[in-house]
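One structure is given here, and the rest of the page talks about it.
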Amino acid sequence: MNQNTFLVVMAGGIGSRFWPFSRTHLPKQFHDVMGVGRSMLQLTVDRFKEICPPENVFVVTNRDYTELVQQHLPELPASQILGEPIGRNTAPCIAYASYCIAKRNPQATIVVTPADHAVLHEEEFRNIIRQAIDVAENHEVLLTLGIQPSRPDTGYGYIQYIDEDSKSGLPKNVKKVKTFTEKPNLELARMFVDSGDFLWNSGLFVWRADVIIHAFHQYLGDIAEVFDEGISELGTEDEAEFITQAYTRCRNISIDYGVMEKADNVYVLPADFGWSDLGTWDSLHRMGHHDADNNVVDGDALLYDTRECVIKTPSERLVVVQGLDGYIIAEYDNVLLICKRTEEQRVKEFVADVKSKKGNGYN
């Protein structure tokens with residue numbers, strides 16, 4: 001295990017598409033979404049135990065969730081839980097963590113991962129991560145992992161790559177990134193998959209601390225300036241006050257838009273390890289364990305003439321379902337959702353309506 005390898009887990013989002021499980025007071029990363037007895041956050045950190053020493057694990061989250069992180073990861077010291085005063089997207093989040101790590105270890109190589117992704121083939125995942133770390137340690141690159149697409153999915157961003165000549169000195173399976181595309185429509189997604197040179201954007205990044213900080217200076221100089229000014233306060237009792245002020249000066253901007261789409265040293269490592277961002281109920285249906293009628297059930301349920309459904313309900317409540325085909329049935333904390341799987345994109349609409357008509361007690 002390399003003492004220069006650090007992990008940054010981004011765990012501040014709400015995940016409203018997974019409502020009613022993912023709520024403002026308890027987002028999906030703190031739920032046992034897969035029904036395996038571990039929350040998404042715990043599974044994420046578990047995945048890296050053979051790669052990164054525990055003292056090198058950092059979790060960035062909203063300050064409202066720091067106690068939740070401590071409950072789920074009691075082995076993690078408070079100094080390794082970085083609380084954001086407000087959400088500012090992924091660029092300030094990554095800058096905060098990267099500056100903290102660089103101050104502690106200037107030779108650090110950093111793996112950045114969201115807290116709410118699922119991986120089915122964990123050993124293959126670890127092999128790919130080790131390859132990525134080796135590349136990032138030895139080259140001044142901004143590396144991301146791209147997932148081989150299995151279908152034209154409109155819920156993911158896409159990365160187009162090109163084959164460079166061998167002069168770069170990089171392994172042949174590391175590809176130069178040509179373009180990033182946000183979630184496309186179905187026709188465009190089909191074209192991407194058919195072309196053979198597009199990958200799903202996993203949101204997983206690997207780079208040296210000095211390389212990403214240099215990239216902030218080049219492409220997000222305003223954010224770099226903020227953290228340059230306060231670097232002496234990181235890791236001290238003045239850190240929280242500094243971060244409160246710093247975030248008022250940081251733009252709301254993603255690392256993809258702010259750095260990755262602009263830099264000329266961006267590369268992708270194609271991978272296939274049974275990945276999903278578990279952003280929606282339909283993604284849980286794809287990743288979960290299916291019964292003979294292709295239902296995914298997490299709860300105490302009796303099903304009759306029911307197929308292609310996702311059912312996630314409290315274990316203490318018996319649920320009887322008859323005659324449904326392709327539905328989401330989800331109950332959590334005073335809310336029951338019954339919705340066609342093909343209409344799941346309307347969940348955000350439901351949440352907005354509930355908030356306006358029923359108040360804040362359900363979102």
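L142 and I128 are members of different hydrophobic clusters when ILVMFWY side chains are connected at heavy-atom separations under 4.5 Å. Each of V8 and L68 belongs to its own hydrophobic cluster when Ile, Leu, Val, Met, Phe, Trp and Tyr are linked at side-chain heavy-atom distances under 4.5 angstrom.
The pair R286-D282 meets the salt-bridge criterion, since a charged nitrogen lies less than 4.0 angstrom from a carboxylate oxygen. Remark: E123 engages R126 in a salt bridge, criterion side-chain N to carboxylate O under 4.0 Å.
Side-chain atoms of Q107 and N4 form no donor-acceptor pair, as typed in the model, at a separation below 3.5 Å.
At most 12 non-hydrogen atoms from other residues, nucleotides or ligands lie less than 6.0 angstrom from NE2 of H289.
Note that CD1 of I231 and OH of Y99 are 6.5 Å apart. Values are rounded to the nearest 0.5 Å. Distance check: H217 NE2 to D222 CG gives 11.0 Å after rounding to the nearest 0.5 Å. Here NZ of K175 is found 15.5 Å from OG1 of T144. Values are rounded to the nearest 0.5 Å.
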### Task
Dump the intermediate steps for ring pair (Phe, Tyr, Trp, His ring centres under 6.0 Å) on H31 and Y332, then the final yes or no.
CA-CA 11 Å; H31 285 277; Y332 181 77; 4.9 Å; yes
### Intermediate values then yes/no, side-chain contact (heavy atoms from CB on, under 4.5 Å), V111 and I133
CA-CA 8 Å; V111 182; I133 290 169; 3.9 Å; yes
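Stacking of K312 on the aromatic ring of F21 is recorded, both the 6.0 Å distance cut-off and the 45° axial limit being met. Relative to the ring axis of Y158, K183 does not place its NZ or CZ within 45° and under 6.0 Å from the centre. Seen from the ring of Y267, K176 counts as a face-on cation partner, given the 6.0 Å and 45° thresholds.
Checking each of W275, W200, Y156 against H117 for a ring-ring contact (aromatic ring centres under 6.0 Å, His included) leaves exactly one that passes, namely W275.
Annotation for D300 and T313: closest pair N-OG1, 4.3 Å, computed over non-hydrogen atoms.
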